Protein chains: 2
Amino acid sequence: MPTIRDVARIANVSITTVSATLNGTAPVSEELRARVWAAVEAAGYHPDPVARNLRRGVSDTVGLIVPDIATPWAAHLAKAMQSALSGRGYNMLFASNEDDPEREFREIELFSAHRVAGLIVAPTSHGPDYAVRLAAAIRTPAVLVDRVIPGSRFDAVADDNHLGAQLVTRHLLTLGHRDIAFLVGRPGISPSDERFDGFCQTMAAAGVSVRDDLVRRSCYKFDHAFTAVQQLMNIGAPPTAIACINIAQLLGTMAGLKNIGLSVPHDVSVISFDGFHPAEGWAPSITSLHQDIATISARASERLMARIAGDDAAPEVIRIPPRLQIRESCVAV
Amino acid sequence: MPTIRDVARIANVSITTVSATLNGTAPVSEELRARVWAAVEAAGYHPDPVARNLRRGVSDTVGLIVPDIATPWAAHLAKAMQSALSGRGYNMLFASNEDDPEREFREIELFSAHRVAGLIVAPTSHGPDYAVRLAAAIRTPAVLVDRVIPGSRFDAVADDNHLGAQLVTRHLLTLGHRDIAFLVGRPGISPSDERFDGFCQTMAAAGVSVRDDLVRRSCYKFDHAFTAVQQLMNIGAPPTAIACINIAQLLGTMAGLKNIGLSVPHDVSVISFDGFHPAEGWAPSITSLHQDIATISARASERLMARIAGDDAAPEVIRIPPRLQIRESCVAV
DNA sequence: CAGCGTTGACGAAACGTTTTGTGTGGGGTT
DNA sequence: AACCCCACACAAAACGTTTCGTCAACGCTG
């Protein structure tokens, strides 16, 4: 591998001049610039990123931390983020925190040691002092995605969950549903809270009361939903529709209903806030919100680049509107 | 951030001694070793990976290149690989080559410039001179996954597609199917070829002839399968079962059948070689092979670590047996 | 006791960049 | 004419490690 020294020797200039030419950090005369570029071509020189990173004190990589890279949501985010970042000359390291704050902090630490230029984090947000600990742990520019932490010093890009909840709830109301089961996630996780709040507000605005016996809280895994729906459908006045806020819930819900021989949408309607679910070829395809991951990635990487470039404006929460995709799983009562 | 210099000052030893203590590269007396460790604790010192990488000429990261990180297969692979590697102190960079060899070569180049310790590649394998180009492009230890390149100088870890094809074919034969449609992928892609070969052999061994009019080649995307199955079901003697070798095909197949009002498995059975598909809660759940991604990752990372450590044994092709998971989508004729 | 390998420690060089500080000449302003 | 400033180029320092070469002290062998 040729080094900058080789280029300097070929062009018969100093190392400094080569560096200045390549980075445009100092004026270089037209003649020398041409000589340098010719020498770069001749030598087939590419700057060594490792050496550059050491000297600059910051690397050309960005860290992405999500709860679980194997979920469709995270995989799509990773892909979109990757292409947004590689266009700007950045690489991407990633890690799954498995919804464990301690792991998350370790990963932030690890990435920081590697001098990442910035971080994209879908924060676990568990526990009371989480926000402060996170703010302390992150010493690089960072942007939060999906989950919003109130009062955080970081930019955040997330779904417009309030709008999403309106779309979902109105759709169900229009179809005549009044007895709607809602599977709420872990308390304190912003998408879950926001979606449930939006649901309640939209119901209230329509003059329909939310049946508290149809709300299941802290129900965010497959198994939770699997058992919850079977209980729900066995009470005196079962729901006519079930709303799921994430994909695990949705899968659990469908499996649970199937397990007691109920069919969707014939026996009960199902709607999902999470757009990633089995495709249209199956029965039934699921009416759900489509989350605009491409836009989320674009805005998040854009904010991160700005922060890396030194932008010190007040932190911003950017909301990306979801779209309701009406499929087969919801019918009129 | 404390540097090794600070530690040396605190312990009142030389930098060399600190480095030797930490890396165990040279004998250090018991007394100094203790002083050094105490100083490391006191300073809260962590070696700077960037500086280390520069000096060592190799970084502590491994690159993963897959066709598309957003597919469930790749996402699961990434996750499993990630945890296998982080346990050994390696980070992971990844990239999607979008099935474009030129992109793949660029990504290999990019990772090499970053001095990755090794590469895990699911090669695109397009074109006649691909194998030679790949061998020339990769200058670090590398392990291929999923796809095998004959005569390659790299280790490869892949499904035992021959066994998989046997399991699938025998299952269909046992159920009485004789007119089996087979959606073959791009020619030259080893999993596709191997699965189809295995199918033909198993059919031949059972004395059943493969109906050539039910074989669709170069059919590897959603749209291909979507139109192909609709044609297949409209010929004089339509198939009683359809075998799909990847997830895109499966989704296209299901959507195509639904589009012409056919139901699975009532009108036709469907079986998949790709274990990642919509979950059990939908109708119908799909009888498919389960690919043991955890084992693939474990073996691949193990081979890569060995190669990085200097193992220069002859390249090895490791086959991981899949399991047939019988669900609802295949019934007796 | 001379010779010699082994152990333990260290100063300095090296990795390949970027940046700092220094110097030189030329053009414009007092 | 003295002054200053700017454009341009360079040598050397720096980034934080690992490793090379040197050396002193020690114990062993013949």
Side-chain angles (χ1 to χ4, degrees), chain A residues 1-40 43-61 89 91 110 112-117 140 308, chain B residues 1-40 43-61 89 91 110 112-117 140 308:
Chain A
M1 283 289 103
T3 85
I4 199 174
R5 234 173 287 271
D6 301 316
V7 176
R9 196 170 27 73
I10 296 177
N12 201 29
V13 296
S14 74
I15 292 179
T16 312
T17 304
V18 178
S19 178
T21 305
L22 266 48
N23 300 311
T25 52
V28 175
S29 69
E30 189 53 47
E31 186 208 341
L32 286 200
R33 180 160 33 219
R35 286 229 305 273
V36 167
W37 279 117
V40 165
Y45 169 74
H46 295 283
D48 182 334
V50 179
R52 182 196 297 242
N53 293 344
L54 172 61
R55 174 61 227 213
R56 286 196 178 155
V58 59
S59 89
D60 55 349
T61 55
N91 289 98
L110 182 65
S112 301
H114 276 263
R115 312 208 156 169
V116 292
T140 65
I308 290 174
Chain B
M1 284 288 102
T3 86
I4 198 174
R5 232 173 289 270
D6 300 317
V7 176
R9 195 171 28 72
I10 296 176
N12 201 28
V13 296
S14 76
I15 292 179
T16 310
T17 304
V18 177
S19 178
T21 305
L22 266 49
N23 300 311
T25 52
V28 175
S29 69
E30 189 53 49
E31 185 209 342
L32 285 202
R33 187 169 17 228
R35 286 231 304 274
V36 167
W37 279 117
V40 165
Y45 169 75
H46 295 283
D48 182 335
V50 179
R52 179 195 299 240
N53 292 344
L54 173 61
R55 173 63 227 213
R56 286 195 178 158
V58 59
S59 89
D60 55 351
T61 54
N91 289 99
L110 183 64
S112 301
H114 276 263
R115 309 201 168 193
V116 292
T140 64
I308 290 175

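What you are looking at is a predicted structure, and each value in this text was computed from that prediction instead of being measured. So that the names make sense, note that chain A is the first sequence line, chain B the second, and so on, each numbered from 1.
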Taking atom types as they are modelled, is there a donor-acceptor pair under 3.5 Å from the base of [N] to the side chain of [X]?
X       : N      : value
B/Arg55 : D/dT18 : yes
B/Thr17 : C/dG8  : no
B/Ser29 : C/dA9  : no

*Which sits closer to the 5' end of DNA chain C, A/Tyr45 or B/Ser14, going by the nucleotide each is nearest to?*
B/Ser14

*Closer to the 5' end of DNA chain C via nearest nucleotide, is it B/Glu30 or B/Arg115?*
B/Glu30

For [X], answer base if it contacts any base atom (sugar-phosphate contacts may also be present), sugar-phosphate if it contacts only those atoms, and nothing otherwise; contact means non-hydrogen atoms under 4.0 Å.
X       : result
A/Leu32 : sugar-phosphate
A/Ser19 : base
B/Asn53 : nothing
B/Val13 : sugar-phosphate

*Write down the atom of B/Tyr45, the atom of B/Thr3, and the distance for their closest heavy-atom approach.*
CE1-C, 3.5 Å

*Closest to side chain of A/Ala51, choosing from D/dG16, C/dC10, C/dG16*: C/dG16

*Using only heavy-atom distances, determine whether the side chains of B/Asp60 and A/His114 contain a donor-acceptor pair under 3.5 Å.*
yes

*Going by the side-chain hydrogen bond (donor to acceptor under 3.5 Å, both in side chains) test, name the single residue among B/Asn23, B/Thr16, B/Thr17 that passes it with B/Ser19.*
B/Asn23

Between [X] ([atom1]) and [N] ([atom2]), how many Å, whole number?
X       : N      : atom1 : atom2 : value
B/Arg33 : C/dG8  : CZ    : C1'   : 11 Å
B/Arg5  : D/dT17 : CZ    : P     : 8 Å
A/Ile15 : D/dA14 : CD1   : C1'   : 13 Å
A/Leu54 : C/dC15 : CG    : P     : 14 Å
B/Asn23 : D/dT17 : CG    : P     : 11 Å
B/Ile4  : D/dT19 : CD1   : P     : 11 Å
B/Arg56 : D/dG16 : CZ    : C1'   : 13 Å
A/Arg52 : C/dC15 : CZ    : C1'   : 16 Å

*Is there a side-chain contact between A/Arg9 and A/Asp6 (heavy atoms, below 4.5 Å)?*
yes

*Among A/Arg55, A/Arg56, A/Arg115, A/Arg52, the one residue meeting side-chain contact (heavy atoms from CB on, under 4.5 Å) with B/Val50*: A/Arg115

